[in-house]
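Below you'll find the structure, written out as structure tokens, and then a few comments.
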Amino acid sequence: MENKLFVHNTLSRQKELFVPINAPHVGMYVCGPTVYGDAHLGHARPAITFDLVFRYLRHLGYKVRYVRNITDVGHLENDADEGEDKIAKKARLEQLEPMEVVQHFTDRYHAALDKLNVLKPSIEPRASGHIIEQIAMVKKILNAGMGYESQGSVYFDVERYNREHKYGILSGRVIEDLLSNTRELDGQDEKRNSFDFALWKKAQPEHIMRWPSEWSDGFPGWHLECSAMSTKYLGEEFDIHGGGLDLLFPHHESEIAQSTVANHKSPARYWLHNNMITINGQKMGKSLGNFIQLDEFFAGSHAALEKAYSPMTVRFFILQAHYRSPLDFSNEALQASEKGFQRMMKSIATLEKLVPASKSTLDIAALQSKCYEAMNDDLNSPILIAHLFDAVRIINSVHDKKESLTTEDIALLRSTLHTFVFDILGLVPESDPQAGNQVIANLVNIIIDLRREARTNKDWATSDRLRDALAQAGISIKDTKDGATWEME
RNA sequence: GGUUUCGUGGCCGAGUGGCUAGGCAGCGGUCUGCAAAACCGCGUACAGCGGUUCGAAUCCGCUCGAAACCUCCA
């Protein structure tokens with residue numbers, strides 16, 4: 001099948017045909033989390049967005065090397081007293097080794113993403129494991145005359161860079177505008193210009209995490225790790241760089257500048273950015289108190305949550321919006337997604353029970369190509385899901401004998417659904433683990449059998465009593481022409 | 001203030017010059033002893049005001065409102 005995948009490239013702000021540099025290989029780098037706290041809803045969006053990209057590229061037959069980093073050093077805490085390393089701060093607070101904190105939250109992050117059925121990247125490098133590469137990159141930039149040392153720290157000379165290249169090609173920032181924005185920041189006086197960014201930062205005495213370098217004992221600058229690690233594992237020029245929209249500036253802009261100086265190339269061909277999640281129209285943030293961790297979603301243990309929402313509900317909810325649109329969280333929206341997801345899963349189960357006919361009354365092949373069209377149009381998962389709900393109606397109608405499909409069309413419908421729902425969207429059925437318990441199944445079947453006898457005798461009182469009692473026990477009964485079916489709530 | 005976006009029916013959310021997604025909720029119907037499920041039908045929504053056009057939710061301008069970034073943050 002010939003596929004023409006178009007993706008929205010932030011560099012051009014347009015949808016562009018995706019052409020890999022070295023097909024069938026594709027290199028993709030995505031900015032991962034800073035592991036100093038538990039994963040929250042905001043972490044889920046890029047993880048799921050680029051999981052979708054990863055899955056679809058693989059489905060199209062590309063061999064993808066997906067690199068997603070773990071940031072475990074170097075980010076400065078603005079609200080901290082003197083801008084100490086974020087992880088060092090947390091570590092001192094809890095009397096733990098910094099790497100112990102990193103390990104803990106990395107494990108928690110992985111556990112949450114596993115629940116969301118996010119595939120593991122091909123490589124998950126840590127910033128702290130690539131200090132040598134980062135120091136080498138600082139040297140390259142210094143040798144090119146685009147950096148300067150100041151009191152043990154090294155800064156990137158944005159103004160000089162802007163003269164030879166252009167700073168702001170990704171974000172649309174103009175250096176003159178940036179000049180007018182001055183603010184108080186740690187180390188400001190060390191810099192030639194406020195918009196210069198650190199390549200190497202001298203550690204203050206309270207910093208626990210530090211590495212030796214020719215400039216000072218310190219740690220690499222904010223943006224360097226991604227440039228160093230993407231170069232190391234994907235080369236000087238690779239296909240896709242992804243991340244949250246909040247990272248567009250200054251992080252990704254600075255990555256481009258660093259790589260352009262060090263490697264004489266703009267690092268990535270296609271820049272993809274997922275939009276943010278808001279809560280009741282408001283930004284999610286610690287200071288606003290609407291910061292919901294993923295585990296709190298799964299357990300329903302947050303004041304803003306009316307109930308628990310399963311990982312697949314959260315995943316489906318996120319996929320029901322296009323990745324470039326802001327997504328507003330609310331209980332009502334989550335519950336709508338939950339029901340829709342369950343209806344979809346139920347009909348996929350029904351698909352296995354369809355009886356073929358000699359003639360098809362519906363065009364399944366057309367449905368399949370619509371699904372591809374949706375994905376090829378900048379990974380439009382909400383449109384894809386709309387088509388999949390058409391498939392849901394088809395399945396249920398055929399099951400109700402209102403439409404008919406041939407054996408071949410049923411097989412095509414089945415493979416289409418399995419491909420798009422399970423493989424590409426990465427959804428998995430979430431049946432209650434106890435539903436598979438044979439003892440429960442046997443007991444329920446005994447009760448249903450008793451109820452069937454009562455119904456044969458038109459003893460509706462007993463019939464309803466059994467149904468109500470089972471409902472109380474968490475088992476719902478549905479009468480069909482072919483007898484009763486049951487499921488665990 | 002600057003940069004970048006957005007404002008769609010009760011809620012969420014696609015679309016982006018004519019053919020008016022989808023989910024959830026609601027209403028009516030079919031089926032059923034009843035219920036549930038499923039299916040069928042129903043909402044004529046595009047912030048406001050102008051303009052361009054045969055025709056605009058979709059393009060342009062203005063107004064109002066919102067968000068992200070500019071500062072650690074997905």
Side-chain angles (χ1 to χ4, degrees), chain A residues 10 13 30-34 36-37 39-47 49 71 75-80 83 85-86 168 171-174 176-181 183-185 194-195 222 243-251 253 273-278 281-287 291 316-317 320-322 324-341 343-344 346-347 350 370 374 377 380-390 392-393 395-397 399-403 455 458-460 463-464 467-468 471 476-481 484-485 487:
Chain A
T10 308
R13 308 209 180 254
V30 173
C31 294
T34 302
Y36 74 112
H40 56 266
L41 190 58
H43 289 106
R45 176 96 114 141
T49 295
T71 295
H75 280 230
L76 295 171
E77 185 90 278
N78 195 40
D79 56 0
D85 189 284
K86 202 183 267 178
S171 61
R173 301 294 150 117
V174 201
E176 287 75 22
D177 294 335
L178 294 170
L179 259 177
S180 61
N181 274 324
R183 70 188 65 252
E184 295 303 311
L185 264 180
S194 59
F195 42 69
W222 308 352
L245 199 54
D246 53 337
L247 297 176
L248 204 160
F249 188 88
H251 185 56
E253 196 69 76
H273 290 96
N274 63 276
N275 216 312
M276 304 290 106
I277 286 178
T278 56
Q282 252 197 332
K283 173 188 174 164
M284 202 173 73
K286 270 187 271 192
S287 51
F291 207 75
F316 191 70
F317 171 68
Q320 267 190 303
H322 185 75
R324 284 192 293 113
S325 297
L327 174 59
D328 190 50
F329 156 89
S330 67
N331 280 285
E332 211 175 351
L334 257 295
Q335 282 162 31
S337 290
E338 181 177 53
K339 290 197 178 177
F341 173 68
R343 189 158 85 92
M344 182 175 282
K346 225 179 277 181
S347 101
T350 304
K370 279 186 195 167
D377 185 13
N380 200 324
S381 56
I383 292 285
L384 170 62
I385 288 172
H387 294 319
L388 293 174
F389 273 112
D390 285 341
V392 166
R393 193 175 311 110
I395 291 166
N396 290 332
S397 295
H399 188 234
D400 282 2
K401 313 257 191 298
K402 284 168 180 152
E403 304 281 359
R455 292 167 61 76
K458 297 208 189 300
D459 179 2
W460 307 125
S463 169
D464 289 352
R467 184 173 63 194
D468 293 345
S476 65
I477 297 273
K478 273 146 201 168
D479 293 317
T480 70
K481 290 191 182 89
T485 62
E487 61 188 37

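Proteins come first, then strands; the chains are lettered A, B, ... in the order of their sequence lines, and each starts at number 1.
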Among [options], the one nearest [X] by side-chain distance:
| X | options | result |
| --- | --- | --- |
| Met276(A) | rA74(B), rC12(B), rC24(B) | rA74(B) |
| Asp400(A) | rC39(B), rG23(B), rA74(B) | rC39(B) |
| Arg343(A) | rG23(B), rA74(B), rU71(B) | rG23(B) |
| Ser463(A) | rG22(B), rC34(B), rG33(B) | rG33(B) |
| Phe389(A) | rA36(B), rA74(B), rG22(B) | rG22(B) |

Within less than 4.0 Å of OP1 or OP2 of [N], is there a side-chain N or O belonging to [X]?
| X | N | answer |
| --- | --- | --- |
| Thr278(A) | rA68(B) | no |
| Lys339(A) | rA25(B) | yes |
| Ser325(A) | rA14(B) | yes |
| Asn380(A) | rG15(B) | yes |
| Arg393(A) | rG23(B) | yes |
| Arg13(A) | rU4(B) | no |

Quiz item: Glu253(A) has an atom CD; how far is it from atom P of rU4(B), in whole Å?
Solution: 12 Å

Quiz item: With nearest nucleotides of RNA chain B determined for Arg324(A) and Asp328(A) from heavy-atom distances, which residue corresponds to the more 5′ nucleotide?
Solution: Arg324(A)

Quiz prompt | 5' priority, RNA chain B, between Ser397(A) and Ala386(A) [closest heavy atom] | solution =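 The residue closer to the strand's 5' end, by nearest nucleotide, is Ala386(A).
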
Practice problem: Hey, can you tell me if Phe341(A) and Phe316(A) have their rings parallel, tilted or perpendicular (30° and 60° cut-offs)? | Solution: tilted

Self-check item: Base-pairing mate for rA14(B) - Watson-Crick or G-U, with both contacts under 3.5 Å
Solution: none

Exercise. With a 3.5 angstrom cut-off on both distances, give the Watson-Crick or G-U wobble partner of rA36(B), or none if there isn't one.
Key: none

Quiz item: Between the base of rG22(B) and the side chain of Asp390(A), is there a donor-acceptor distance below 3.5 Å?
Solution: no

Practice problem: Record whether the side chain of Asp479(A) comes under 3.5 Å of the base of rC34(B) through a donor-acceptor pair of N or O atoms. | Solution: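 Yes.
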
Quiz item: If the P atom of rA38(B) is compared with that of rC62(B), how far apart are they to the nearest Å?
Solution: 49 Å

Practice problem: Determine the Euclidean distance between corresponding P atoms of rU58(B) and rA45(B); express it in Å to zero decimal places. | Solution: 14 Å

Practice problem: Assign Leu247(A) to base, sugar-phosphate, or nothing according to its heavy-atom contacts below 4.0 angstrom with the strands shown. | Solution: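 Sugar-phosphate contact only.
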
Exercise. With heavy atoms under 4.0 Å as the rule, sort Pro382(A) into base, sugar-phosphate or nothing.
Key: base

